[in-house]
Amino acid sequence: MDYKEMYQSWLDNPYFDEATKEELRAIADDDDQIKDRFYMDLEFGTAGLRGVIGAGTNRMNVYTVRKATQGLANYICKQGEQKKGVAIAFDSRRMSPEFADEAACCLAANGIKAYVFESLRPTPELSYAVRHLGCVSGINITASHNPPEYNGYKVYWEDGAQITPPHDKGIMDEVKAITDYASVKTMSVDDAAAAGLYEKIGANVDDPYMAELKKNVLHQDAIDKTAKDLTIVYTPLHGTGNLPVRRVLKELGFENVYVVPEQELPDGEFPTVSYPNPEAAEAFELALALAKEKNADLVLATDPDADRLGVYVKDSETGEYHCLTGNMSGSLLADYEIGQKLAVEGSLPDDGELIKTIVTTNMVDAMAKHYGIKVTECLTGFKWIGREILRMETTGKGHYLFGFEESYGCLIGTHARDKDAIVASMALCEAAAFYKAQGKTLWDAMLEMYEKYGYYKDNVISITHKGIEGLAKIRSIMDTLRANPPEKLGEYKVLVTRDYDEDIIKDLSTGETRPTGIPKSNVLYYEMEGDAWLAVRPSGTEPKIKLYYGVVGDSLSDAEDKSEKLGVQVKELLDKL
């Protein structure tokens, strides 16, 4: 059935509601719109669903959510795990509560109990809830930091991490096998609750989650000493972080926490920003204005589902607020957590591991060498860090110390298996208190870290290619690079290439090859002279191709200069493809 026939079938089928049909009738004369909505099914990928909200097979709506949930339910039943139930959370986006209930009602109709949060909750708490409640799976309705027209559907397995092999493929196959939307099972919320298959959850998960976070505090003494003098500005960017971040900071004793009033309340329209992403400078405009007014020591922003944390810290000498990238804040927290664990306990586990993704800064390697611990690399996406934690638990080999990825996400402790901006906010404020007790700022600590490990500078270029043509362009870029890898970028000679899709690492000087040792993924990586590097990968959640690169300099200015020059070379390379 082509896209026009599929469009007409939605108009003709009595299964689809009148509001959906009315939306579709309104685009009857717009072939491009019809094509975009119906040329494919919204893909259920390894992270679940993510797309624009609206009517059509290639959109986020109650029907695509039901279909995805039916596929998940079929897989759970085939695993014989339906008695364990599924935890469901949602964020502040358009239709998030409705999609959560649609998923719950589909599960209930399949005999699987749904534990649904009473109101919006952050992603890491959903990850925690799966294990805390003994569920087989979890569903989180969120599109993270995407623009307001998007929503999404993330699936977790019983370890609390987003699905990885073999479960991801098994669930995807079940979803693809559903060709008739009307075959999907559902029931009302009231009937599901009456049958004991729909239960609201809230404080019974919130309180133990908070308790788990506070177990990771290393220096309550420093907080007690400096909390009255430390000033923090925080923005939840209209999302889920507001209550849990403020709660944990208050319970630890931080008194001067100022929340950006314009961005405090949940709002799926994200009216104060065009893009609710703590990686974007725009997201901090209001927070920085408040920080200057309050003379804040640090400024924090969590994305709408509160798994990513953006940070600005004050330079006491100049009064300027410096932006910490995800690599910078992740490295700063890793050094604090590991260094202070060593100081407090006197030693680190012999089998301690620091986990990073393949596009995360090489400063991690220098740090691990300093502490005498192992660096474990994994694919992009925090679920792979979660999988490494599961590997340590199931094998009894390895001890998780810290894990982070460049995209502003880290995990302190093992209470969750996804990045957790709530615990990261807590830990960064603790670190600020610890350094303040020594007469230092977080920026001072950052500079000391550069002196110790090297002036690493990392960056990323994201290019958006939307629609069918965009997908073809992204494939073409990857195919061309795979067939013709660069030999040199600017002053940097390429020494080693890694093709994670082909599972090959090749030394260009000797021609020797070896496997990557991690699951396949469409990523190309180039190791260059001077510890410089470049990685290229299509985004797994957005219509973008991403180019990550890093250098190391002799000073901050030298690293900035080298990074800027390499960035020009990377853009020139992309323009040729």
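For this chain, numbers begin at 1 and follow the sequence in order. Since the structure is predicted, the reported quantities are computational estimates derived from the model, not experimental observations.
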[Y] side chain reached by [X] side chain, heavy atoms, under 4.5 Å:
X      : Y      : value
Glu393 : Asp159 : no
Ile505 : Val496 : yes
Val460 : Thr325 : no
Cys378 : Arg387 : no
Glu527 : Trp533 : no

For a quick check under 3.5 Å, do [X] and [Y] share a side-chain donor-acceptor pair by atom type?
X      : Y      : value
His238 : Thr272 : yes
Thr240 : Asp91  : no
Thr235 : Gln263 : yes

Would you say that more than 12 heavy atoms from the other residues, nucleotides or ligands in this model lie under 6.0 Å from the [atom1] of [X], or not?
X      : atom1 : value
Arg247 : CZ    : yes
Asp29  : CG    : no
Lys200 : NZ    : yes
Lys21  : NZ    : yes
Glu43  : CD    : no

Worked verdict on Asp418 versus Lys154 for salt bridge (charged side-chain N to carboxylate O under 4.0 Å, His left out): CA-CA 11 Å; Asp418 210 335; Lys154 295 180 182 177; 5.1 Å; no

So does [Y] get a backbone contact from the side chain of [X], meaning a donor-acceptor N/O pair under 3.5 Å?
X      : Y      : answer
Asp17  : Thr20  : yes
Asn110 : Ile112 : no
Arg66  : Asn61  : no
Thr69  : Val65  : yes
Asp303 : Asp307 : yes

Determine, stepwise, if the pair Glu388 / Lys356 fulfils salt bridge (charged side-chain N to carboxylate O under 4.0 Å, His left out). CA-CA 10 Å; Glu388 294 300 327; Lys356 72 166 190 171; over 6 Å; no

Using side-chain contact (heavy atoms from CB on, under 4.5 Å), reason through Arg308 and Ser144 one step at a time and then give a plain yes or no. CA-CA 9 Å; Arg308 299 175 190 237; Ser144 188; 3.9 Å; yes

Residue pair Val175, Tyr75: steps toward the side-chain contact (heavy atoms from CB on, under 4.5 Å) verdict: CA-CA 9 Å; Val175 175; Tyr75 183 77; over 6 Å; no

Quick check for you: to the nearest 0.5 Å, what is the distance between [X] atom [atom1] and [Y] atom [atom2]?
X      : Y      : atom1 : atom2 : value
Asn140 : Phe99  : CG    : CZ    : 13.5 Å
Thr361 : Phe404 : OG1   : CZ    : 6.5 Å
Lys546 : Ser462 : NZ    : OG    : 4.5 Å
Asp191 : Tyr198 : CG    : OH    : 13.0 Å
Arg37  : Arg59  : CZ    : CZ    : 5.0 Å
Lys419 : Glu405 : NZ    : CD    : 4.0 Å

- Message: Test salt bridge (charged side-chain N to carboxylate O under 4.0 Å, His left out) on Arg94 and Glu269; report intermediate values, then the result.
- Response: CA-CA 8 Å; Arg94 304 172 189 167; Glu269 301 303 319; 2.8 Å; yes

Review point. Are Asp575 and Lys571 within salt-bridge range, i.e. N to O under 4.0 Å?
Key: no

Under 4.0 Å between a side-chain nitrogen and a carboxylate oxygen: does that hold for Arg121 and Asp206?
yes

* Would Lys83 and Lys113 count as a side-chain contact (heavy atoms from CB on, under 4.5 Å) if you check the C-alpha gap in whole Å, the side-chain angles of each, and the deciding distance to 0.1 Å? -> CA-CA 7 Å; Lys83 290 183 179 180; Lys113 185 172 182 176; over 6 Å; no

In terms of heavy-atom contacts, Leu24 and Tyr7 come closest through O-OH, 2.7 Å

Between Ala161 and Gly386, the two heavy atoms sitting closest are CB-CA, 4.3 Å

The side-chain hydrogen bond (donor to acceptor under 3.5 Å, both in side chains) partners of Asn204 (sequence neighbours excluded) come to none

Just checking Tyr209 against Tyr128, ring centres under 6.0 Å apart?
yes

Would Arg391 and Thr376 count as a side-chain contact (heavy atoms from CB on, under 4.5 Å) if you check the C-alpha gap in whole Å, the side-chain angles of each, and the deciding distance to 0.1 Å? CA-CA 12 Å; Arg391 181 258 304 166; Thr376 299; 3.9 Å; yes

**Glu158/Arg131 under salt bridge (charged side-chain N to carboxylate O under 4.0 Å, His left out): CA gap, chis, key distance, verdict** = CA-CA 6 Å; Glu158 62 185 344; Arg131 295 169 65 240; over 6 Å; no

